[in-house]
K.L.:
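Here it is, the structure in full.
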There are 2 protein chains.
Amino acid sequence: MLSNACKYAIRALIYLATRMNDGVKVSIRELSAEIDSPEPFTAKIMQSLSKQEIISSVKGPHGGFYIDEKQAEIRLIEIVKAIDGTQVLTGCGLGLKNCSETHPCPIHSEFSAIRDGFSHLLNEKTIQELAIELIAGHSKVKN
Amino acid sequence: MLSNACKYAIRALIYLATRMNDGVKVSIRELSAEIDSPEPFTAKIMQSLSKQEIISSVKGPHGGFYIDEKQAEIRLIEIVKAIDGTQVLTGCGLGLKNCSETHPCPIHSEFSAIRDGFSHLLNEKTIQELAIELIAGHSKVKN
DNA sequence: AGAATAAAAGACATGTTTATCTTAATTTAT
DNA sequence: ATAAATTAAGATAAACATGTCTTTTATTCT
Ligand code: FES
Ligand code: FES
């Protein structure tokens with residue numbers, strides 16, 4: 001469904017949001033430990049998101065990654081678009097070049113409904129609200 | 001969602017089902033042309049399905065691939081299991097090692113519902129019923 | 001029997017994703 | 001200023017998926 005990179009990214013951002021108000025930046029080492037992800041690979045992903053201004057970072061001692069209030073309000077779909085693109089949101093379930101009502105594959109009507117349901121989920125959820133659930137202990141981002 | 005190999009396989013099997021009763025086997029050349037897929041790669045996939053007895057084949061002149069009445073009754077989920085395995089049916093949407101109610105990721109409840117909806121679709125649809133729709137011109141397996 | 005046809009099998013090649021390593025740049029603290 | 005910490009960037013590597021090519025085997029037709 002989503003690439004590993006994208007899954008790590010979402011978990012990382014939700015975790016960062018839980019640390020938003022403690023005034024401490026999170027190092028890549030701590031972050032990857034907290035979400036059970038490979039450290040250098042996660043670093044690459046964070047760098048890309050930082051360049052796209054989806055997260056913030058500062059170098060040097062006591063530096064690290066963090067997100068601000070504005071960034072905590074983004075929805076999952078923005079992260080997915082930034083990393084995996086839109087194919088997962090619009091592509092045909094059986095790999096036809098274009099998905100459309102006028103040239104439907106054999107499972108078009110059922111699949112497009114499911115795919116649109118997934119899009120809706122990504123569209124609704126903000127990082128912040130998922131972080132609140134994580135803080136409350138109702139969910140996990142670590143194995 | 002599904003691998004390319006699996007998408008080609010499903011399209012190929014639905015096409016084969018439309019040719020079930022004409023008594024002619026379908027060569028890999030014709031098959032890949034009819035479903036717009038790379039010929040040698042499709043051959044590999046068909047070989048694997050043939051070995052797993054999901055389709056049938058005969059070598060030699062007038063040989064090719066075909067499916068019999070029994071094989072036309074299989075459901076999409078059998079093809080998916082044969083090629084991609086069960087991860088797409090049971091895996092966590094955010095990549096946690098195990099998906100469960102007791103250790104849920106932040107989108108577990110919504111995602112598992114969507115994933116189960118997809119499983120349900122794969123579980124319901126038989127090759128044969130999708131072939132009937134294809135014959136009627138209500139769907140396409142070619143771009 | 002021999003020739004032709006077509007799948008089966010296995011080796012090979014390419015591309016993409018995932019992952020790691022090394023060096024550079026930046027910031028902070030002393 | 002200097003040293004230490006930490007991200008940024010780029011090169012490299014490993015794994016996997018995708019795609020192709022070549023040889024072998026089985027079948028059919030003449
Ligand atoms: S055409 Fe296949 S999902 Fe729409
Ligand atoms: S734990 Fe992530 S989908 Fe169930």
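Per chain, numbering begins at 1; letters A, B, ... match sequence-line order.
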K.L.:
Evaluate side-chain contact (heavy atoms from CB on, under 4.5 Å) for A/I77 paired with A/L89, printing each intermediate quantity in order.
P.N.:
CA-CA 9 Å; A/I77 199 164; A/L89 310 173; 3.9 Å; yes
K.L.:
Would you kindly give the OH-to-C1' distance between A/Y66 and D/dT6, to the nearest whole Å?
P.N.:
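My rounded result for the distance is 14 Å.
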K.L.:
Could you check which residues of residues 26-37 of chain B get a heavy atom under 4.0 Å from DNA chain D? Sort them by number, please.
P.N.:
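Listed by number, there are none.
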K.L.:
Determine, step by step, whether B/E101 and B/H108 satisfy the side-chain contact (heavy atoms from CB on, under 4.5 Å) criterion, reporting the C-alpha distance in whole Å, the side-chain angles of both residues, the deciding distance to 0.1 Å, and the verdict.
P.N.:
CA-CA 8 Å; B/E101 299 288 337; B/H108 170 80; 3.3 Å; yes
K.L.:
Which pairs with one or both residues in residues 120-139 of chain A pass side chain to side chain donor-acceptor pair (under 3.5 Å), sequence neighbours excluded?
P.N.:
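Applying side chain to side chain donor-acceptor pair (under 3.5 Å) to every pair that reaches into residues 120-139 of chain A, excluding sequence neighbours, yields A/K125-B/E110, A/T126-A/E129, A/E133-A/H138.
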K.L.:
Going by salt bridge (Lys or Arg N to Asp or Glu O under 4.0 Å), name the residues that satisfy it together with B/R115, two or more places apart in sequence or in a different chain.
P.N.:
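For B/R115, no residue satisfies salt bridge (Lys or Arg N to Asp or Glu O under 4.0 Å) once neighbours in sequence are set aside.
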K.L.:
Can you list every side chain to side chain donor-acceptor pair (under 3.5 Å) pair that touches residues 77-86 of chain B, not counting sequence neighbours?
P.N.:
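Passing the test, one end in residues 77-86 of chain B: B/S3-B/D84.
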K.L.:
Are any of the side-chain nitrogens in A/E30 or A/K25 under 4.0 Å away from the carboxylate oxygens of its partner?
P.N.:
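No, no charged N to carboxylate O under 4.0 Å.
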K.L.:
What's the separation between atom SG in A/C6 and atom CZ in A/R11, rounded to the nearest 0.5 Å?
P.N.:
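Spacing of SG (A/C6) from CZ (A/R11) equals 11.5 Å.
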K.L.:
Got a list of side-chain donor-acceptor pairs under 3.5 Å for residues 60-70 of chain A, not counting sequence neighbours?
P.N.:
| from | atom 1 | to | atom 2 | distance (Å) |
| --- | --- | --- | --- | --- |
| A/D68 | OD1 | A/K70 | N | 3.1 |
| A/D68 | OD1 | A/Q71 | N | 2.8 |

K.L.:
For B/G63 and for A/L2, locate the closest nucleotide of DNA chain C by heavy-atom distance; then report the residue assigned to the nucleotide nearer the 5' terminus.
P.N.:
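Residue closer to the 5' terminus by nearest nucleotide: B/G63.
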K.L.:
Can you sort out which residues in residues 5-13 of chain B have a heavy atom within less than 4.0 Å of DNA chain D? Ascending by number, please.
P.N.:
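Those residues are B/A5, B/Y8.
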K.L.:
To the nearest 0.5 Å, tell me how far A/I54 CD1 sits from A/S48 OG.
P.N.:
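Rounded to the nearest 0.5 Å, the CD1-OG separation comes to 7.5 Å.
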K.L.:
Walk along nucleotides 23-30 of chain D from 5' to 3' and tag each nucleotide B, S or - by protein heavy-atom contact under 4.0 Å, base first, then sugar-phosphate.
P.N.:
--BBBBS-
K.L.:
Just how far is it from atom CD1 of B/I107 to atom CD1 of B/I114, taken to the nearest 0.5 Å?
P.N.:
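The CD1 atom of B/I107 sits 8.0 Å away from the CD1 atom of B/I114.
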K.L.:
Using a heavy-atom cut-off of under 4.0 Å over every strand shown, decide if A/P40 touches base, sugar-phosphate, or nothing.
P.N.:
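Since a base atom lies under 4.0 Å of A/P40, the category is base.
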K.L.:
Enter the distance from A/L121:CG to B/S109:OG here, rounded to the nearest 0.5 Å.
P.N.:
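So the CG of A/L121 and the OG of B/S109 are separated by 8.5 Å.
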K.L.:
Counting only pairs under 3.5 Å, give me each side-chain donor-acceptor contact of residues 34-42 of chain A, with atom names and distances, residues two or more places apart or in other chains.
P.N.:
| from | atom 1 | to | atom 2 | distance (Å) |
| --- | --- | --- | --- | --- |
| A/D36 | OD2 | A/N143 | N | 3.1 |
| A/S37 | OG | A/T42 | OG1 | 2.6 |
| A/T42 | OG1 | A/P38 | O | 2.6 |

K.L.:
For DNA chain C, which residues in residues 79-94 of chain A have a heavy atom at a distance below 4.0 Å?
P.N.:
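Close to the strand, none.
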K.L.:
For nucleotides 9-13 of chain D, tabulate all protein N/O to nucleotide N/O atom pairs closer than 3.5 Å, reporting atom names and distance.
P.N.:
| from | atom 1 | to | atom 2 | distance (Å) |
| --- | --- | --- | --- | --- |
| D/dA9 | N7 | A/K44 | NZ | 3.4 |
| D/dA9 | N7 | A/Q47 | OE1 | 3.3 |
| D/dG10 | N7 | A/K44 | NZ | 2.6 |
| D/dG10 | O6 | A/K44 | NZ | 3.0 |

K.L.:
Mind checking what makes salt bridge (Lys or Arg N to Asp or Glu O under 4.0 Å) contact with A/E73, not counting sequence neighbours?
P.N.:
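So A/E73 forms no salt bridge (Lys or Arg N to Asp or Glu O under 4.0 Å) with any residue.
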K.L.:
Going from CG on A/L49 to NZ on A/K44, what distance comes out if it is rounded to the nearest 0.5 angstrom?
P.N.:
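Rounded to the nearest 0.5 Å, the CG-NZ separation comes to 13.0 Å.
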K.L.:
Can you see whether B/R19 engages B/Y15 through a side-chain donor-acceptor pair at a distance of less than 3.5 angstrom?
P.N.:
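Result is yes, a qualifying pair exists.
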K.L.:
Mark yes when over 12 heavy atoms from residues, nucleotides or ligands other than B/N98 sit less than 6.0 Å from its CG; otherwise mark no.
P.N.:
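No, not enclosed.
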K.L.:
Of all nucleotides in DNA chain C that come within under 4.0 Å of a heavy atom of chain B, which is furthest toward the 5' end and which toward the 3' end?
P.N.:
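Nucleotide range with atoms under 4.0 Å of chain B: C/dA4 to C/dA11.
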K.L.:
Return the CG to CZ distance between B/L130 and B/R75, rounded to the nearest 0.5 Å.
P.N.:
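B/L130 CG to B/R75 CZ: 10.5 Å, rounded to 0.5 Å.
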K.L.:
Could you go step by step and tell me if B/L2 and B/I10 meet the side-chain contact (heavy atoms from CB on, under 4.5 Å) rule?
P.N.:
CA-CA 10 Å; B/L2 302 175; B/I10 292 173; 4.0 Å; yes
